Amino acid sequence: MNPHLAPVGVPDPTLLPHVQRLCDLADPYTRGPAEDELFAAAMAEINAWHAERSPFFRSLYEATPPARPYRAPLVHANFFKRHEVLSIPRDEVDLHLTSSGTTGQKSQMFFDRWTIRSAQRMVARIFERNGWITPEQEVNYLLYSYEPAPALNLGTAFTDNYLCDFAPARSVEYALRNTGGDGHEFDPFGCVAALRRFERDDAPVRILGFPAFLFITLERMRAMELPPLRLPEGSLVVLGGGWKGHADRRIGKEELYARVTEQLGIPGERIRDTFGSVEHCVPYVECDHHRLHAPVWSRVTALGARTLEPLPYGETGFLHLVSPYITSVPAQSVVMGDLASVHPGDACGCDLTTDWFTVHGRAGVSHNRNCAVAAAELMKGMS
């Protein structure tokens with residue numbers, strides 16, 4: 001068994017039996033009345049867990065109408081940029097991650113062993129379902145994220161390096177090179193050189209990270225009048241982090257995927273976008289129709305901007321993500337700064353039956369910086 005699929009236990013099996021059962025579900029996209037009932041029971045347990053351990057959450061929970069789905073209080077992701085709220089003692093923190101670059105406001109998120117292992121196991125199960133765990137096949141990695149540094153604790157860097165565990169690395173190249181301390185600099189020529197070198201190898205290539213950096217690399221290849229590459233069969237692109245901070249240079253997802261196929265030779269079904277955040281670590285990975293389906297461990301809704309009530313399918317509102325997996329911080333019900341619409345599973349056309357969502361952009365104008373914004377600033381003057 002892959003070690004990332006190994007069993008992991010909740011902090012208190014007596015208080016959290018349904019949370020354990022829900023997170024132990026092996027099929028990431030199973031859905032039915034039994035799973036819905038289990039999810040509701042797990043949410044009741046995790047609400048009680050945080051109400052007992054967090055005065056902040058207890059006061060919020062007591063003020064939440066029982067009629068609200070799962071009686072889940074609404075906590076905006078930006079709350080964690082200004083407040084550190086834990087439901088565990090500090091000495092039980094197994095991992096501390098942030099959401100932003102080296103300056104500006106950062107979400108400070110703390111994870112006990114159960115929470116981070118549970119989130120990692122979700123990722124592993126989705127990768128396993130897609131056939132992307134290949135312990136027998138070495139791959140070359142190009143990571144469009146931050147080269148590790150001693151003081152670096154960004155959630156995106158942690159995730160991208162974790163994804164390298166699913167196939168043994170023949171080599172690893174980073175797009176954002178460490179320049180000393182916690183500084184980083186985007187290296188487009190290094191990315192181009194790595195891709196050209198990988199083409200001559202027989203190992204598949206895995207490209208992970210920010211889509212904006214991949215696009216800049218493709219643009220640089222065009223400007224250099226380089227012929228299209230044909231990366232080895234089995235190569236894979238898994239993107240995440242969005243285009244925040246450089247919306248004026250953003251191209252459509254379909255166009256980006258077509259460029260990857262044209263210039264790198266990777267077919268569309270092997271190119272997937274993802275959605276996630278340090279405040280809500282449940283992974284959302286595109287299906288082969290490029291829809292972001294909710295896994296069985298979470299529920300997704302869009303909330304009306306004025307009422308903050310759940311909207312019908314197809315209407316655009318604030319993205320609301322709910323999951324009972326997290327015991328370390330009362331972040332089981334997070335309202336994101338993204339506008340999204342939610343759609344029924346059968347409206348996709350793939351073989352998954354869970355609801356899926358489309359992100360339509362950020363709500364309003366914010367000066368909050370996150371990892372994608374900080375990374376995008378490194379691209380200034382690069383194109």
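Along the sequence shown, the residues carry numbers beginning at 1. Fair warning: this is a prediction, and the values are worked out from it, not measured in the lab.
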A.B. asks: Side-chain atoms of residues 7-17: list all donor-acceptor pairs with protein atoms under 3.5 Å, sequence neighbours left out, distances to 0.1 Å.
C.D. replies:
unit_1, atom_1, unit_2, atom_2, d
Asp12, OD1, Thr14, N, 3.0
Asp12, OD1, Leu15, N, 3.3

A.B. asks: Check the surroundings of atom CD in Glu262: do more than 12 heavy atoms from other residues, nucleotides or ligands lie under 6.0 Å from it?
C.D. replies: yes
A.B. asks: State, yes or no, whether a side-chain contact exists between Thr358 and His360 at a heavy-atom distance under 4.5 Å.
C.D. replies: yes
A.B. asks: Is it true that Glu92 and Arg113 have a side-chain N and a carboxylate O under 4.0 angstrom from each other?
C.D. replies: no
A.B. asks: For atom CZ of Arg21, decide whether the heavy atoms of other residues, nucleotides or ligands shown that lie under 6.0 angstrom number more than 12.
C.D. replies: no
A.B. asks: Can Arg299 and Asp355 be counted as an ion pair, charged N to O under 4.0 angstrom?
C.D. replies: no
A.B. asks: With Thr316, which of Val359, Leu339, Val342 fulfils side-chain contact (heavy atoms from CB on, under 4.5 Å)?
C.D. replies: Leu339
A.B. asks: Tyr29: which residues meet the ring pair (Phe, Tyr, Trp, His ring centres under 6.0 Å) condition with it, sequence neighbours left out?
C.D. replies: none
A.B. asks: Do the side chains of Asp201 and Arg170 get close enough for a salt bridge, i.e. N-O under 4.0 angstrom?
C.D. replies: yes
A.B. asks: Mark yes or no: Arg121 above the aromatic ring of Tyr325, with NZ or CZ under 6.0 Å from the six-membered ring centre and no more than 45 degrees from the axis.
C.D. replies: no
A.B. asks: Under the side chain to side chain donor-acceptor pair (under 3.5 Å) rule, collect the residues that match up with Arg200, sequence neighbours excluded.
C.D. replies: none
A.B. asks: So, for Leu239 and Thr274, which heavy atoms are closest and what is the spacing to 0.1 Å?
C.D. replies: O-OG1, 2.6 Å
A.B. asks: State, yes or no, whether a side-chain contact exists between Val192 and Thr217 at a heavy-atom distance under 4.5 Å.
C.D. replies: yes
